[in-house]
Every structure is written in structure tokens, then in C-alpha cells.
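Residue numbers start from 1 in every chain, and the chains themselves are labelled A, B, ... in the order their sequence lines are given, proteins ahead of strands.
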Amino acid sequence: MSGFFRPMAAILWKDLLLELRTRDVVASLFIFALLVVVIFNFALDPAPELVAVTAPGIVWVAFAFSGMLGLNRGFVMEKEQGTMDGLLLSPAGREAIYVGKLLASFLFMVLMEIMIYPVFAALFNLPFFLPSFIAISLASTLGFAAVGTVFSATAVNTRSRDIMLPLLLMPVTVPVFLGAVKVTGNALAGEGWAASASWFQLVAIFDILFLVVAAFLFEYVLEE
Amino acid sequence: MARLTTSLQQKRLPLVTRRELLLLLSASSVMASLVLIFFWVPTEINQGVVQRIMYLHVPVALASLAIFGLLFVTSAVYLWKRSQRWDALSYAAAEVGVLALTLTIVTGAIWAKPTWNAWWTWEPMLTTLLILWLMGVAYLALRAYSPPGERGARSAAVLGVLAGLTAPFVYFSVELWGNLSHPEKVIGPGRSADSEIGASIGLTLMVSMLSFALFFAALMVHRYKLRRSEDDVDALHLFNMQRRGSRP
Amino acid sequence: MAAVTLLKPETQDKGQLAVLARDVRKSFGRVAALRGIDLEVPWGQFLTILGANGSGKTTLLRILATLARPTSGEIRVAGIDPLRNAPAVRRIIGVVTHQPLLYGDLTVGENLAFYARMYDLKRPHEKIAQCLAALGMERRLEVKARTLSHGMQKRVSIARALLHDPIILLMDEPESGLDSEAVEMLEHTLRSPSSDSLRTVVMTTHNLERGLAVGDQVAILADGRIAYLEQCAGVTVAEVRSTYMALTGSTL
């Protein structure tokens with residue numbers, strides 16, 4: 001399996017190192033998510049008693065849109081530096097490239113979520129630590145990144161690639177988004193894990209299915 | 001190229017081609033079902049005349065679902081076989097599918113306004129159709145924004161497969177999300193006291209389904225052939241350039 | 001030339017030719033880039049390809065490098081069909097493209113370490129040091145790729161292509177941006193891998209004199225076809241130049 005793990009780890013290591021050097025992605029994702037939260041506060045003007053109803057939606061719009069920027073960066077960066085061919089020339093399996101890129105995007109998105117949620121909780125006077133919220137955030141972000149990595153590699157080869165990614169990604173990830181919003185709502189309403197069990201099931205099946213299928217299909221979008 | 005020359009060699013053209021026959025057949029059967037819908041079948045008691053749109057809405061909706069199912073299959077086969085035919089079929093399915101789905105959503109809204117007192121509700125079936133429509137549009141946009149060549153076809157096929165896989169998830173998630181449900185049995189033979197009326201409703205729906213299936217099949221065949229002709233024009237263009245290029 | 005073994009032992013069973021192309025065509029929609037390329041490069045040979053911009057040089061090299069699929073035609077690299085077993089081809093070819101394929105914010109060492117891992121190389125640091133030394137770049141290990149000059153980036157890029165000691169080297173205008181000292185170095189290192197055999201090289205270039213000096217064969221690509229193919233030893237620069245003029249309508 002060294003033919004899978006070493007190249008995969010190499011891509012992850014390379015993306016993390018680049019991020020450590022430039023701090024491009026996580027910082028801009030954080031600021032963008034913060035902007036979304038602030039704008040929504042003005043747009044919806046949620047009264048204190050309504051916060052529990054509107055908060056899940058606001059959080060996930062912020063996570064999803066900001067995450068999409070991060071996914072887009074993943075391959076736009078390779079394209080701009082002209083390093084796509086370097087990845088493609090390596091004998092590493094395309095699924096190793098897929099998983100490496102996916103994990104990097106996933107980590108950046110999770111980092112952004114870890115940074116933005118405390119701010120959000122403070123602004124709206126919400127609890128800071130909700131285990132089921134954390135669990136669904138990880139699961140949904142994984143599903144988002146699993147589909148997003150394929151579409152990001154697709155969008156980068158089209159004209160007007162910045163508009164292409166949301167157009168492709170949003171409809172396909174609707175189930176994950178719904179699950180995330182609903183479970184977050186349950187968590188904020190103080191309900192237990194049982195209330196969200198079927199959502200976790202749905203998101204988990206989505207994650208597994210799309211990870212496997214996307215890893216298999218990735219080759220087709222990379223090829224020239 | 002070989003296919004092109006053989007088709008040019010078959011000089012004897014029939015009076016009506018098979019494609020034209022299919023179009024004629026579907027046009028006349030759609031006409032026949034319109035006659036049944038508006039003049040023959042009795043008016044439903046509860047909803048009144050607006051219920052007649054069901055005979056358009058249900059067949060078109062079923063056709064659009066079938067076409068999107070086809071898009072999923074042809075996309076997968078294209079990735080496997082890499083033959084332009086399957087890509088042309090996928091493209092035709094996407095275009096005709098988006099058209100059928102637009103008609104479904106519009107006829108559904110027209111029916112919904114007087115019966116549910118709203119143009120739209122976010123129930124599972126409607127939402128799934130809307131998401132499918134968005135994915136169909138994304139497919140066409142992806143084709144339009146991709147550079148010419150195989151790559152656009154391949155990434156569109158990947159979208160076709162992923163979209164097909166996500167459709168059931170969308171349905172189940174919306175079902176889990178709310179407790180609205182699609183009023184499928186607003187009307188049917190079971191509700192009607194008179195079994196003769198019930199039978200005429202069933203027959204009209206049947207004829208309409210058949211004729212719309214024919215109609216969309218005809219559109220698909222035409223769009224497919226047109227797409228293949230476009231490919232042939234490209235091939236001819238290449239062939240021509242090649243011959244000119246070889247001259248000193 | 002004859003004194004050197006032309007074949008690496010493990011490649012002897014991989015067919016007589018290092019690179020073979022038969023009626024290779026590539027089109028993008030209505031635009032034909034290649035209109036039927038026939039090419040045979042025996043093991044250990046150096047093929048220089050000349051051609052105007054847009055003649056299909058880059059497309060041909062990208063197809064041989066598994067970066068693009070031909071629309072039709074047959075290709076064998078070391079006897080392997082890249083359409084069936086691309087990873088096997090990728091393992092034994094080194095490719096230098098127009099772009100340096102380096103991450104600007106990583107150091108030279110980090111860039112090469114990344115590629116060494118992508119190729120799953122054993123003892124990567126030894127290989128990196130070797131390749132950099134061969135190109136006179138050993139003191140730039142800790143320098144960020146972004147801060148290097150264009151020529152220096154090109155050298156690192158060539159080191160990157162040689163990391164996994166490929167038996168076949170494909171280069172798209174490698175001399176562009178290189179100073180003459182580096183070009184000299186290139187000629188030495190290109191041909192002499194760690195083992196005692198000669199590397200097979202396919203190189204496109206605009207530099208006629210250099211291309212004839214290093215090549216065994218010279219080809220001219222015009223309108224997506226190989227319009228001219230000769231042994232370098234048997235032709236003069238002036239002859240090739242006038243043929244090039246006649247075939248492409250432009251000067252070299």
C-alpha cells in the first residue's frame with residue numbers, strides 16, 4: 001500500500017506546508033465566514049427567542065459558502081502555479097491524489113469551523129460545546145469535501161470556474177446540508193442524540209458512498 | 001467517417017423517414033390525448049376543471065424522471081465505453097430532461113395554486129424535482145463552459161453519475177426534514193363513486209402517458225441525431241483540413 | 001557511442017523501441033493538432049524535434065508523457081501502452097514541460113522531497129542531492145523556488161524530472177530560459193544516468209545548432225505531421241534550415 005499512502009501523505013503534507021507558509025486559505029475562509037454571520041445578523045435581525053431557530057441556518061450557510069471557497073482554492077492553486085502536470089505525471093494512483101487533496105480541504109474547512117463557531121456562539125449567546133453538533137460538522141464537512149474535491153478539479157478546467165463550482169456542488173450536496181442544519185437545530189434545542197440518529201445515518205451513508213464513487217471517478221476529471 | 005460515407009451512399013430516401021414517422025405518430029397521439037382530456041373525460045367533482053391538468057402533469061413528470069434516469073445510465077456507460085454515441089445520448093437526455101422538468105414544474109405549480117392555495121410547497125417530490133432541474137442546468141452549463149473536446153464530455157458524465165446517485169438522498173432527506181407529503185391520491189378511480197368514471201379517468205391518463213412518452217422519445221431521437229450530425233460536421237471539417245494541409 | 005550499452009538490462013524485454021507512435025492523431029473539437037504521427041525511437045537514441053509554434057510539438061510530447069490521450073492511433077513507450085497502463089509508463093519517463101512544476105512557496109529541497117514521495121522513492125535525500133549536484137544547484141537546497149531566476153527554476157525542474165532516474169526523457173524546449181553554461185551541463189547529465197547505459201531522449205527545440213549537435217536524429221514537425229526525419233550525422237545546419245523554411249514557411 002506504500003503506493004497509495006506515501007503519495008497521499010505527500011500531497012497532504014505539501015498543502016499543509018504551503019498553508020503554513022502563506023496562511024492564504026484558512027485566514028480568508030475565516031474572514032468570509034465571519035462576514036456571512038454578520039450580514040445574516042442584519043438581514044434576519046433574530047430576536048433572542050428566535051436565535052435557536054435561525055442559528056443553524058446561519059451557521060451552515062457560513063460553513064458551506066466559506067468551505068466552497070476553500071475547495072475552489074485547492075485546484076485553482078495548482079492550476080495557477082502550473083503544477084497540475086506535476087501531480088498527473090507521478091505514477092501515484094489518482095485515488096491517492098484525490099484523498100490527499102480531499103484531506104487537505106477537509107482540514108482547512110474544519111479549522112475554519114473551529115475558529116468561527118466560538119465567535120458565532122458568543123455573538124448569539126449560544127452554548128459553546130455541543131457534542132452532536134461537532135459530530136455532524138465533521139461528517140457533513142467530509143461529505144462536502146468528498147464531492148467538492150471532484151467538482152473543484154472539474155471547475156478549474158472550465159471558463160468562469162468560480163461560478164461553476166457552486167453550480168455543480170450545491171445541488172449534489174443538498175442532503176448533507178439538510179442533515180447538518182437539522183442536527184444542529186436539534187443540538188441547539190437541547191435534544192439528545194436519539195433525535196438526530198436517522199440524520200447521522202443518512203449523512204454517513206452519503207459520505208461513504210460518495211467517497212468511494214468519487215475516488216473512482218476522479219481519474220476522469222483529471223485526464224486531459 | 002465510415003459511417004458518414006455509408007449513409008451518403010444510401011441514396012434512396014424513403015418518403016417519410018423513421019424519425020419523421022415517430023414525430024408524426026407522437027404528434028397525433030398527443031392530439032388524441034388532448035381531445036380525451038378536454039372533451040371526453042368527465043370533470044372531477046372536488047377540484048373542478050383545473051384537475052384536468054393532471055393528465056398533462058403526471059405523464060410529463062414521469063417522463064422527466066425517466067429521462068434523468070437515462071442520463072445517469074448513459075453517463076456511466078460513456079465513462080466505461082468512451083464512445084461519442086453515449087455522450088451524444090447523454091447530452092440529448094440532459095437537454096430534453098431539463099425541458100420536460102420545466103414543463104413538470106410549471107404544470108405542477110398551475111395545478112397547485114387552486115388546490116393547495118400555493119404555487120409551491122417544499123415537499124419531497126417537488127424539492128427533488130427542483131434539485132434535479134438545477135443539476136440538469138448545471139450539466140448544460142458545464143458543457144457550455146468546457147473547452148471543446150473529450151474533457152467536457154467526461155466531466156459532464158461524472159456530474160451525471162453523481163447527480164443520479166444524490167437524487168434518492170435528496171428525496172429521503174427532504175422527507176426526513178419535514179412532514180409534508182405529495183398529494184398523489186387527490187383523485188383516482190378509488191375515490192370516485194362511479195366506476196365508469198373511474199375507468200375513463202384511468203384510460204385518459206394511460207393514453208396521455210403513452211403519447212407523452214412517445215413525444216419525448218421523438219425529441220430525444222431528434223436531439224441525438226442532431227448531436228451526431230454536429231460531431232460529423234466536426235469530423236468532416238477535420239478531414240477537409242487534413243486534405244488541404246497535405247497539399248504542398 | 002557504440003562502446004556504451006544501449007539497453008538497460010531490465011528493459012531488454014520491453015520491445016525493440018523506446019518510443020513508438022503509429023498514426024497518432026489528436027483533435028480538439030474541430031481543430032486538429034496531430035494528423036497522423038509515425039515515430040520510432042530506438043533505445044538510447046536522442047531525437048530532436050523541430051517545429052514552428054502550433055505545429056503540434058507540445059501535443060505530441062504530452063501524449064507520449066501520458067498527459068493527453070490521442071484521438072486515435074497507437075503508442076508504445078518501452079513497449080507499454082500508456083492507455084492501458086499509464087502508471088507503468090509514468091514510472092520510467094522523466095518529463096520537462098514549459099512550466100517548472102514547482103511550488104513557489106516551498107524550498108527547492110521541499111519541492112523535490114514532495115516529488116520524491118510522489119514517486120515513492122527509496123532514499124530520497126540521496127537522490128535529491130545527486131540530481132541537484134548534477135545541475136550545479138546543490139547550494140540552493142534551502143532557497144524558496146519563487147525567489148529563483150527563470151533559468152534556475154528550469155534547472156530545478158530538470159532535476160525534478162531526473163529524480164526517479166527515468167530511462168526515457170521527454171523535454172519540451174528545455175533550453176528556453178537556460179544560460180549557455182546550464183545547457184552544456186544539461187547535455188552531460190541528460191545522457192548519463194546512474195547506470196552505464198544511455199538515456200533515450202525526445203526533445204523539442206527552437207535551437208537548431210544545439211539540437212543537431214546533441215541529437216542522433218532530427219525531425220521537423222509541420223501541420224501535425226512528421227515532415228522530415230534524418231540522421232543528424234548526415235546533414236548540415238544549412239540543409240536543415242532550408243528544409244525547415246520550405247516545410248513551415250518560417251525561419252529558425
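For the residue pair A:Val172 and B:Leu162, the shortest heavy atom distance occurs at CG1-O, 4.3 Å. Nearest approach of B:Thr166 to A:Phe206, heavy atoms of both residues: OG1-CE1, 3.5 Å. Between A:Leu167 and B:Ala138, the closest heavy-atom pair is O-CB, 3.5 Å. When every heavy atom of A:Phe210 is checked against every heavy atom of B:Leu165, the shortest pair comes out as CZ-CB, 3.8 Å. For the pair A:Pro175 and B:Ser173, the tightest heavy-atom approach, listed with the atom from each and the gap, is CA-OG, 3.6 Å. Summarising the geometry of B:Met135 relative to A:Pro171, their closest heavy-atom pair is CG-CB, 3.3 Å, with the distance given to 0.1 Å.
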*List the steps and the verdict of side chain to side chain contact (heavy atoms under 4.5 Å, CB included) for A:Tyr220 and B:Arg82.*
CA-CA 11 Å; A:Tyr220 293 104; B:Arg82 288 177 186 271; 3.7 Å; yes

_A:Val176 vs B:Phe169, test: side chain to side chain contact (heavy atoms under 4.5 Å, CB included). Steps then yes/no._
CA-CA 9 Å; A:Val176 168; B:Phe169 281 94; over 6 Å; no

*Run the side chain to side chain contact (heavy atoms under 4.5 Å, CB included) check on B:Tyr139 and A:Leu168 step by step: do they pass?*
CA-CA 8 Å; B:Tyr139 182 100; A:Leu168 298 170; over 6 Å; no

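With chain A as the partner, the residue from B:Thr127, B:Val137, B:Ile131, B:Leu134 showing the most heavy-atom pairs under 4.5 Å is B:Ile131. Annotation: maximal heavy-atom pairing with chain B below 4.5 Å, among A:Phe151, A:Phe218, A:Trp199, occurs at A:Trp199. Most heavy-atom pairs under 4.5 Å with chain B, from the set A:Asn157, A:Leu202, A:Ile163: that is A:Asn157.
Residue contact with chain B, scored on non-hydrogen atoms closer than 4.5 Å, involves the side chain of A:Leu209 exclusively. Of the two parts of A:Ser198, the backbone and the side chain both hold a non-hydrogen atom closer than 4.5 Å to a non-hydrogen atom of chain B. Neither the backbone nor the side chain of A:Val181 comes within contact range of chain B; no heavy atom of the residue lies under 4.5 Å from a heavy atom of that chain. Residue contact with chain B, scored on non-hydrogen atoms closer than 4.5 Å, involves the backbone and the side chain of A:Val221 alike. For A:Leu222, the part lying near chain B is the backbone, with the side chain staying farther off; criterion is any non-hydrogen pair under 4.5 Å. Within the 4.5 angstrom heavy-atom criterion, atoms from both the backbone and the side chain of A:Leu217 approach chain B.
For A:Phe65, the CZ atom is loosely surrounded, since the number of other residues' heavy atoms within 6.0 Å does not exceed 12. Other residues, nucleotides and ligands contribute at most 12 non-hydrogen atoms within 6.0 Å of the NZ atom of B:Lys81. Under a cut-off of 6.0 angstrom, the local environment of CZ in B:Phe172 is sparse, with at most 12 non-hydrogen atoms contributed by other residues, nucleotides or ligands. No more than 12 heavy atoms of other residues, nucleotides or ligands lie within 6.0 Å of NZ in B:Lys225, so this atom counts as exposed by the packing criterion.
Within the model, atoms OG of B:Ser146 and CE of A:Met164 stand 7.0 Å from one another, a figure rounded to the nearest 0.5 Å. For the atom pair CZ of B:Arg143 and OG1 of A:Thr158, the computed distance is 13.0 Å after rounding to the nearest 0.5 Å.
Between the side chain of A:Arg159 and the backbone N or O of B:Ala144, at least one donor-acceptor pair lies under 3.5 Å.
Counting heavy atoms from C-beta outward, A:Thr154 and B:Leu159 have side chains that stay 4.5 Å or more apart.
Taking a cutoff of 4.0 Å between a charged side-chain nitrogen and a carboxylate oxygen, B:Arg154 and A:Glu219 do not qualify as a salt bridge.
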